[in-house]
J.: 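This is the structure I want to talk about, given as structure tokens.
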Amino acid sequence: MIVTEKGASRRLVGGLRWMLFLAIAFVINLPIIATILTSFKTAADINTSPPKMFFWPTLENYSEVLFAGNTDLPSYILNSIVIAGGGALLAVLLSFPAAYAMVRHGIGRSWLLPLVTNIRTLPLIVYAIPLYLMFQLVGLLDSWLGMILVTATISIPVALVLFVGFMQDIPIDMDEAGKLDGASQRVILWKLIFPIARPIVVAVLLLSFITSWNEFLFGLILTTKSATPVTVGATFFVTSYGVKWGATAAAMTLGIIPPMVLGVFAYPYIGKSMLSGAVKG
């Protein structure tokens, strides 16, 4: 009897916890839910006051943003994929060997790492005018390369901190064993260290991709047409004649799909990289 009562109380507590979790998750994600619902509403339903809780969904907003031709949203999405992917990859390729040099050889560890991380704490708007002038001078305005360099620079500080923390947990014996076998520093880094660093590399790639994907400020300042990301392209439905709320919501909904899908599939790698950086076995 006592066991039955304990089991019932545990199920009750577990049910209450899940209800609380779902309520918190709903409140936190309410803006996203509202945006997604708005993307399926007609203009009449959107302008209804108070807002309709139940409505007949429509795809006319998605048809407008994808096929109407008023804006080139598919190109904006492609731009974001190229820019975010290139920026994330470049951030890893630069920060991974830099972290190895800092941890194993102490190069720049006392001043470069604090400098990079402290610079990242400044508001990004501080760099807007200098970057615009430099990109204008070298012809990188409204280009994939220019935006990739910017997004990589934004992602490098976090990537560097994560890689340094991981490198510190790797035993120096691995490097010594590689040197005894005649391996060079390059071989040790990319053939020995890199394979066991895949969880943290995937995590950094994901975090850098999401950071680059969500970048709005420099996309607004440094692009006009050819390299416009989706975060900026979604605002093009705000016109002088009014705001096309349905089209804007549809563009935003399409814009959050890639990072959301990546986040779901890469979550296990993030957990592994954050909970264990040491070499086991």
Side-chain angles (χ1 to χ4, degrees), residues 71-101 112-113 115-117 119-164 189-190 194 197-198 200-236 251-252 254-263 265-266 269-270:
T71 59
D72 196 2
L73 187 68
S75 294
Y76 302 152
I77 295 176
L78 175 63
N79 291 339
S80 288
I81 293 174
V82 173
I83 292 169
L89 183 61
L90 183 60
V92 170
L93 292 177
L94 293 177
S95 57
F96 189 78
Y100 179 81
L112 182 58
L113 182 60
L115 178 64
V116 171
T117 54
I119 288 178
R120 182 61 181 85
T121 60
L122 296 176
L124 294 178
I125 191 64
V126 173
Y127 309 103
I129 295 177
L131 279 175
Y132 182 88
L133 295 177
M134 287 189 295
F135 278 29
Q136 186 180 44
L137 182 64
V138 298
L140 288 179
L141 287 177
D142 198 25
S143 67
W144 281 352
L145 178 58
M147 288 301 298
I148 288 174
L149 292 175
V150 169
T151 54
T153 303
I154 294 173
S155 301
I156 282 176
V158 175
L160 192 59
V161 170
L162 292 176
F163 281 141
V164 166
L189 175 62
W190 296 109
F194 187 78
R198 287 177 182 174
I200 187 68
V201 169
V202 172
V204 170
L205 276 172
L206 173 65
L207 294 175
S208 300
F209 184 93
I210 293 175
T211 300
S212 303
W213 184 278
N214 293 331
E215 175 55 40
F216 175 80
L217 176 65
F218 291 111
L220 180 64
I221 296 174
L222 301 178
T223 66
T224 53
K225 182 180 179 181
S226 299
T228 301
V230 68
T231 50
V232 177
T235 66
F236 291 167
M252 291 180 177
L254 292 173
I256 66 175
I257 291 176
M260 183 177 294
V261 172
L262 282 178
F265 284 99
Y269 293 96
I270 297 179

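Hydrogens, waters and symmetry mates are skipped; everything else that's a heavy atom, side chains included, is used.
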J.: Is the F194 ring parallel, tilted or perpendicular to the F96 ring (thresholds 30°, 60°)?
T.: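 Correct class here is perpendicular.
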J.: With side chains defined as the heavy atoms from C-beta onward, is the minimum distance between I257 and L254 less than 4.5 Å?
T.: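 Of all side-chain heavy-atom pairs linking L254 with I257, at least one is under 4.5 Å.
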J.: Is any side-chain heavy atom of V232 closer than 4.5 Å to one of Y76?
T.: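 No. Closest side-chain heavy atoms not under 4.5 Å.
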J.: Rounded to the nearest 0.5 Å, what separates atom CD1 in I210 from atom CE in M260?
T.: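 Answer for the CD1-CE pair, I210 versus M260, is 10.0 Å.
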J.: Just so I know, are the side chains of T211 and V158 near enough to count as touching, which here means a heavy-atom distance under 4.5 Å?
T.: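 Counting from C-beta outward, T211 and V158 never come under 4.5 Å.
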J.: If you round to the nearest 0.5 Å, how far is CG of L262 from CG of L207?
T.: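 That separation rounds to 11.0 Å.
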J.: Is there side-chain contact between F216 and T235, with at least one heavy-atom pair below 4.5 Å?
T.: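 Side chain of F216 against side chain of T235, heavy atoms only: contact under 4.5 Å found.
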J.: Please confirm whether the backbone N or O of G87 pairs with a side-chain atom of S212, one donor and one acceptor, at under 3.5 Å?
T.: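 It does not hold such a pair.
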J.: Side chain of S226, backbone of D142: donor and acceptor closer than 3.5 Å?
T.: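 A pair under 3.5 Å: no.
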J.: Is the backbone N or O of P229 less than 3.5 Å from a side-chain atom of W213, with the two atoms forming a donor-acceptor pair by type?
T.: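 Here the side-chain-to-backbone pair does not exist.
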J.: So, the side chain of T151 versus the backbone of I148: is there a donor-acceptor pair under 3.5 Å, distance only?
T.: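 Side chain of T151 to backbone of I148: a pair is present.
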J.: Is there a side-chain contact between L149 and L90 in this structure, where contact means two heavy atoms from C-beta onward sitting under 4.5 Å apart?
T.: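 Yes, at least one pair of side-chain atoms sits under 4.5 Å.
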J.: Can you name the closest pair of heavy atoms from E215 and I154 and give their distance?
T.: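 Smallest heavy-atom distance, with atoms named: OE1-CD1, 3.5 Å.
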J.: Compare all side-chain heavy atoms of V230 with those of L73 and state whether any distance is below 4.5 angstrom.
T.: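 Side chain of V230 against side chain of L73, heavy atoms only: contact under 4.5 Å found.
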J.: Could you tell me whether L122 atom CG has more than 12 heavy atoms of other residues or ligands within 6.0 Å of it?
T.: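 Atom CG in L122 is crowded, with more than 12 foreign heavy atoms closer than 6.0 Å.
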J.: Of the non-hydrogen atoms in W144 and I83, which two are nearest, and what is the gap between them?
T.: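 Scanning both residues, the minimum pair turns out to be CD1-CG1, 4.2 Å.
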